[in-house]
Amino acid sequence: MSTVAEEKKDDASTSGVAANIITVDNYINGTFVTPTTGSYMPILSPSTSGTVGSVAVSAKTDVYAAVSAASAAFPAWSSLTMKSRAAIMLKLHALIRQHAQELAELIVLENGKNLTEALADVAKGNETVEYACSLPQLAQGKTLKVSSAVSCCDRRDPLGVVASIVPFNFPLMVPMWTVPIALVTGNCVVLKPSEKVPLTMHRVAELFKEAGFPDGVFNMVQGTREAVESLIDHEDVKAVTFVGSSPVANIVADRCRNLNKRVTALGGAKNHLVALPDCETDGASSDIVVSYAGCAGQRCMAASVLLLAGEGPKQEELLKKVVEKAAKIEPGTGPGHLGPVIDAASHKKILGYIEAAENGGAEILLDGRKWLEMPMAKEGGCWIGPTIIKHNSPDDATMKEEVFGPVLSVYTVSSWTEAIEIENANPFGNAACVYTTNGGYADWFIGRFRAAMLGINIGIPVPREPFSFGGLYGTRSKYGDMDITGDGAMEFFTNRIKVTSKWPVPDLKELVGGATTGDAAPAPVDQANFAGRM
């Protein structure tokens with residue numbers, strides 16, 4: 001281990017932290033490399049707020065070293081057939097499956113998900129790896145004879161070096177939204193993980209090496225703002241993907257646009273559920289609880305507003321079941337438990353929203369602040385229980401702003417039109433869902449929601465490959481170009497090269513030594529073909 005890393009461990013040991021914490025360095029050209037800054041920052045477990053590792057804080061020079069390694073690897077990597085690149089990716093797929101439990105435990109440690117959610121994080125990420133392995137069958141070009149002597153064809157060429165900047169909430173899945181597709185299409189990648197959860201991808205980098213990816217094809221730089229800005233600004237980085245908060249997504253997109261650089265930047269969300277009186281209350285209530293409280297509500301597809309269409313016994317029954325089921329959730333990181341939120345800043349923000357709603361006259365049907373009295377919370381963990389708030393006004397802050405925690409806002413609307421007006425008025429555009437047993441009712445809402453990913457009786461309507469993931473253009477959920485997975489990513493990470501060709505017509509009589517039978521009649525003049533004439 002490097003001298004800097006050893007010093008970091010020694011410092012941690014003398015301050016009372018376990019000496020066997022993991023040191024996360026940059027991964028450049030197939031090797032873990034200490035940052036030129038010599039600086040590290042602690043990785044804190046949200047369950048205890050204790051230090052579980054230290055992560056490099058990179059400077060521009062570190063980023064440039066990673067981009068240089070990727071640029072050097074690109075000619076050889078891109079010259080391989082897509083089938084050859086996919087064969088290496090298939091080995092990574094097998095290694096991730098083999099080490100799924102280990103990777104999930106790292107996710108639990110650094111992110112706080114329960115084990116079931118962490119295993120799903122790994123499985124969903126590996127599903128995109130699997131999709132990338134199928135690209136040789138999906139990315140082939142087209143060819144067509146477009147005139148009597150003219151043919152057109154297209155092909156997909158890689159862009160070069162691409163960067164992927166990812167958030168804390170899914171330590172493996174979100175990096176795998178982009179990296180496998182970018183690599184199989186022939187690009188070389190520099191990944192910037194969240195400094196809050198770098199442990200999982202640190203281990204995955206070792207699996208990339210074991211799978212046989214050539215040095216420099218996949219690189220990883222750690223750090224904060226300087227690392228991100230240096231990646232975006234480097235002239236050899238041809239495209240950038242970002243997932244995170246809306247304000248930062250907007251900044252990233254603008255910065256890339258000013259450099260005429262391809263970018264997709266996915267931001268936050270405020271996802272609405274509409275429950276109609278005819279919905280099946282047992283199934284709907286279970287789905288609503290999982291939708292808003294799963295992963296501690298820290299996902300851009302989490303439900304955060306439940307609109308009850310009308311009043312009556314069925315709506316009362318549904319809300320009662322939602323509250324009862326959410327109240328039974330226990331704290332912890334085992335299957336079925338609700339884990340902590342990521343850090344103290346997020347914890348404070350969520351509490352602030354609950355307090356503001358209560359002070360504004362909303363009714364707290366289920367109060368997650370009771371978890372603050374638990375020993376694990378008093379000892380420093382970022383624990384907050386599932387919370388349900390019944391609002392009197394759709395203009396309450398918790399009804400309109402992204403909370404990013406296990407908080408569900410409930411509001412009763414007088415009509416379907418009012419439900420659509422509330423959903424359409426929010427500035428985000430990620431997801432929406434309607435609960436009903438009537439197909440005609442569902443069609444009415446699906447045709448009017450203002451969001452890109454819609455659900456019918458599915459509160460987390462995440463599209464799965466080959467369908468792509470992304471919010472609605474023109475909203476705070478999506479900035480930039482195309483989607484981030486599936487066929488959207490295949491389009492994002494390649495240039496379509498179009499070739500139009502015309503070959504001279506050979507003199508067949510001369511070639512075959514005399515007259516031929518069945519000579520074709522002269523082709524009609526193509527008035528739209530201006531090749532060779534004015």
Practice problem: Verify whether the ring centers belonging to His272 and Phe449 lie closer than 6.0 Å. | Solution: no
Quiz item: Are the side chains of Met89 and Leu92 in touch, meaning some heavy atoms are under 4.5 Å apart?
Solution: yes
Practice problem: Check whether any side-chain heavy atom of Ile107 sits under 4.5 Å from a side-chain heavy atom of Val122, and report yes or no. | Solution: yes
Quiz item: Going by atom types alone, do Asp25 and Thr23 pair a side-chain donor with an acceptor below 3.5 Å?
Solution: no
Quiz item: If you count the non-hydrogen atoms of other residues, nucleotides and ligands that lie under 6.0 Å from CD in Glu235, is the total more than 12?
Solution: no
Practice problem: With rounding to the nearest 0.5 Å, note down the distance linking CG in Leu408 to OG in Ser304. | Solution: 8.0 Å
Quiz item: Roughly how far, to the nearest 0.5 Å, is the CG atom of Asn219 from the SG atom of Cys188?
Solution: 7.5 Å
Quiz item: When you measure from the side chain of Ser68 to the backbone N and O of Tyr64, does any donor-acceptor pair fall under 3.5 Å?
Solution: no
Self-check item: Beyond-backbone contact of Thr224 with Met41, side-chain heavy atoms, under 4.5 angstrom
Solution: yes
Exercise. Answer yes or no: are there more than 12 heavy-atom neighbours, outside Arg257 itself, under 6.0 Å from its atom CZ?
Key: yes
Practice problem: Check whether any side-chain N or O of Glu102 sits under 3.5 Å from a backbone N or O of His99 as a donor-acceptor pair, and report yes or no. | Solution: no
Self-check item: Side-chain donor or acceptor of Thr37 paired with backbone N/O of Ala59 under 3.5 Å
Solution: no
Practice problem: Answer yes or no: is there a donor N or O on one side and an acceptor on the other, between the side chain of Thr185 and the main chain of Thr494, under 3.5 Å? | Solution: no
Exercise. Walk me through it: do Ile43 and Glu195 pass the test side chain to side chain contact (heavy atoms under 4.5 Å, CB included)?
Key: CA-CA 8 Å; Ile43 306 165; Glu195 65 277 11; over 6 Å; no
Quiz item: What closest approach, in Å, do Val24 and Pro198 show between heavy atoms, and which atom pair accounts for it?
Solution: CG1-CB, 3.9 Å
Practice problem: Kindly give the heavy-atom pair with the smallest separation between Cys152 and Thr500, and that separation in Å. | Solution: SG-OG1, 3.3 Å
Self-check item: Side chain to side chain, Glu465 and Thr485, heavy atoms closer than 4.5 Å
Solution: yes
Quiz item: Could you state the interatomic distance from CE (Met301) to CD1 (Ile458), rounded to the nearest 0.5 Å?
Solution: 10.0 Å
Quiz item: At their closest point, which heavy atom of Asn187 faces which heavy atom of Gly160, and how far apart are they?
Solution: OD1-N, 3.1 Å
Exercise. May I ask you to check whether over 12 heavy atoms, not counting those of Tyr473, lie within 6.0 Å of atom OH?
Key: yes
Exercise. Examine the side chains of Thr36 and Thr61 and answer whether a donor and an acceptor come within less than 3.5 Å of each other.
Key: yes
Quiz item: Salt bridge or not for Lys60 and Glu229, using N-O below 4.0 Å?
Solution: no
Exercise. Before giving the answer on side chain to side chain contact (heavy atoms under 4.5 Å, CB included), spell out for Arg496 and Arg156 the whole-Å C-alpha distance, their side-chain angles and the decisive distance to 0.1 Å.
Key: CA-CA 5 Å; Arg496 283 184 178 267; Arg156 294 184 181 275; 2.7 Å; yes
Self-check item: Salt-bridge criterion met for Asp154 and Lys498 (N-O under 4.0 Å)
Solution: no
Self-check item: Aromatic centroids of Phe213 and Phe218 separated by under 6.0 Å
Solution: no
Quiz item: Okay, side chain of Asn424, backbone of Arg448: is any donor-acceptor separation there less than 3.5 Å?
Solution: yes
Self-check item: With Phe428, the side-chain contact (heavy atoms from CB on, under 4.5 Å) member among Lys400, Lys478, Arg476
Solution: Arg476
Quiz item: Shortest non-hydrogen contact from Pro427 to Thr475?
Solution: O-CB, 3.4 Å
Quiz item: Is there a donor-acceptor pair under 3.5 Å between the side chain of Lys113 and the backbone N or O of Asn169?
Solution: yes
Quiz item: Can you tell me how far the CD atom of Gln222 sits from the OG atom of Ser39, to the nearest 0.5 Å?
Solution: 14.0 Å
Quiz item: Would Asp233 and Lys261 pass as an ion pair if we require N to O under 4.0 Å?
Solution: no
Quiz item: Taking side chain as C-beta onward, heavy atoms only, is Val162 less than 4.5 Å from Phe493?
Solution: yes
Practice problem: Evaluate the side chain to side chain contact (heavy atoms under 4.5 Å, CB included) criterion for residues Asn26 and Ser58: first the C-alpha distance (whole Å), next the side-chain angles of each, then the deciding distance (0.1 Å), finally the verdict. | Solution: CA-CA 8 Å; Asn26 296 323; Ser58 300; 2.9 Å; yes
Quiz item: Do you see a donor-acceptor pair shorter than 3.5 Å between the side chains of Thr241 and Ser164?
Solution: yes
Quiz prompt | Donor-acceptor under 3.5 Å (Asn29 side chain, Ala69 main chain) | solution = no
Quiz item: Does the side chain of Leu138 come within less than 4.5 Å of Tyr131's, by heavy atoms?
Solution: yes
Exercise. Go through Arg85 and Leu183 one step at a time and tell me if the side chain to side chain contact (heavy atoms under 4.5 Å, CB included) criterion holds.
Key: CA-CA 8 Å; Arg85 296 190 294 261; Leu183 291 176; over 6 Å; no
Exercise. Answer yes or no: is there a donor N or O on one side and an acceptor on the other, between the side chain of Ser49 and the main chain of Pro46, under 3.5 Å?
Key: no
Quiz prompt | Sub-4.5 Å side-chain heavy-atom contact between Phe469 and Thr128 | solution = no
Quiz item: In Å and rounded to the nearest 0.5 Å, what is the CG to OG1 distance from Asn111 to Thr333?
Solution: 11.0 Å
Practice problem: For residues Asn126 and Met176, determine if any side-chain heavy atom of one lies less than 4.5 Å from a side-chain heavy atom of the other. | Solution: no
Self-check item: Glu423 to Ala432 - nearest heavy-atom pair and separation
Solution: OE2-CB, 3.9 Å
Quiz prompt | Nearest non-hydrogen partners of Pro175 and Pro180, listed with the distance | solution = O-CD, 4.1 Å
Quiz prompt | Expected output: side-chain Asp287 to main-chain Gly459 donor-acceptor under 3.5 Å | solution = yes
Quiz item: If you measure from CD1 on Ile232 to CG on Asn258, what distance do you get to the nearest 0.5 Å?
Solution: 11.0 Å
Quiz prompt | CA sep, side-chain torsions, deciding dist, call: Asn495, Arg262, side-chain hydrogen bond (donor to acceptor under 3.5 Å, both in side chains) | solution = CA-CA 11 Å; Asn495 281 322; Arg262 188 177 298 189; 2.8 Å; yes
Quiz item: Is a donor on one side and an acceptor on the other found under 3.5 Å between the side chain of Glu402 and the backbone of Lys270?
Solution: no
Exercise. Output yes when Lys124 and Glu127 qualify as a salt bridge under the 4.0 Å nitrogen-oxygen rule, no when they do not.
Key: yes
